[in-house]
Amino acid sequence: GGSDAAKRRAGERAAEAVADGDVVGLGTGSTTAYAIEAIGRAVDDGLEVRGIATSFQSRQLALEEGISLTELDAVEGVDLAIDGADRVVDDPESAAHGTLIKGGGAAHTREKLVDASADRFVVVADPSKLTDRLEASVPVAVLPEAHTVVAERIAELGGEATLRDAEHKDGPVVTDAGNLVLDCAFGPIGEPGELAERLSSLPGVVEHGLFVDVADATYVGTDDGVEVRRY
Ligand code: DER
């Protein structure tokens, strides 16, 4: 991925948006990790926040940083969610401006729930994530026993589904929720909203990585600062 300095700048800038008393969605991945660490430092300085983790990884990091954790059903609402992305459409002329592909970390099921529940959802990214078209694979979390039938339906939709193999475990990646992940290559995605609805309607699909009309802003870390996109 992109440079650590760029990721750090984006994450730390996003952490500055956290206000005292906030409930904060804590995203997954290496870029959001910088935001979580910055929030941890602010907590050490007295900031009162409750975090909602989006994965086992973000839970572990939040606990290490001393951020107290809660759950969606224990709070009135989520004030701010900070999360990374694999792709961010960055083209103000495009109807898909601000659309995301997420799921590189196989955490997108809970990420989407928390990110979409927040009053404000801010993406943190380095420039390598920006694109003017969506053509990367879309991660699709599926019930384990459904992976072959969903792969067939993806093929009918013109996509090619690949079961995501684990690296430090024999067999496929198993998500925090106990599901498998199909990485679905569709080529250039002209109508992400349409594809998102089709994927959501497939029996056996738990969640897909197209985040359409979810993000409110993206903080892009550059080598010398942070650019903010608002949607
Ligand atoms: O899985 C996800 O959607 C994560 O946010 C992830 O893909 C982004 O990870 P990174 O910040 O390490 O690139």
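First listed ligand is number 1; within each ligand, the first listed atom is number 1. Note that this is a predicted model, so its numbers are computed, not measured.
Of the possible donor and acceptor atoms, one in the side chain of Ser3 sits under 3.5 Å from a partner among the backbone N and O of Ala6. With hydrogens and angles ignored, the 3.5 Å screen pairs no side-chain donor or acceptor of Thr31 with any backbone N or O of Gly84.
At least one heavy atom of Glu111 lies less than 4.0 angstrom from ligand 1. For Gly103, the heavy-atom gap to ligand 1 drops under 4.0 angstrom.
Shortest contact from atom 13 (O) of ligand 1 to any protein heavy atom: Lys129 NZ, 2.5 Å. With hydrogens left out, the protein atom closest to atom 1 (O) of ligand 1 is Gly105 N, 2.7 Å, a heavy atom. Closest to atom 11 (O) of ligand 1, if we only count protein heavy atoms, is Thr31 OG1, 2.7 Å. Atom 10 (P) of ligand 1 has its closest protein heavy atom at Ser30 OG, 3.5 Å. Protein heavy atom closest to atom 4 (C) of ligand 1, with residue, atom name and distance, is Thr28 O, 3.3 Å. In terms of protein heavy-atom proximity, atom 7 (O) of ligand 1 is closest to Asp86 OD1, 2.7 Å.
Partner Arg229 forms a side-chain hydrogen bond (donor to acceptor under 3.5 Å, both in side chains) with one of Thr218, Asp90, Asp216 and no other, that one being Asp90. For the pairing with Val24, the side-chain contact (heavy atoms from CB on, under 4.5 Å) check across Ile39, Val78, Asp79, Val114 returns one residue only, Ile39. The side-chain contact (heavy atoms from CB on, under 4.5 Å) test with Val206 singles out one residue from Leu143, Val150, Val142, and that residue is Leu143.
The Gly84 neighbourhood of ligand 1 comprises atoms 5 (O), with distances under 4.0 Å to a heavy atom of that residue. Listed by atom number, the atoms of ligand 1 under 4.0 Å from Gly29 heavy atoms are 9 (O), 12 (O). Near Asp83, meaning under 4.0 Å from any of its heavy atoms, are these atoms of ligand 1: 5 (O). Close contacts between ligand 1 and Lys102 involve ligand atoms 2 (C), 3 (O), 4 (C), 5 (O) [criterion: under 4.0 Å to a heavy atom].
Residues in residues 93-116 take part in these ring pair (Phe, Tyr, Trp, His ring centres under 6.0 Å) pairs, two or more places apart or across chains: His97-Tyr231.
Sparse packing is recorded around CD of Glu160, with 12 or fewer heavy atoms of other residues, nucleotides or ligands lying under 6.0 Å away.
Separating the CG atom in Asn179 from the OG1 atom in Thr109 is a distance of 6.0 Å, to the nearest 0.5 Å.
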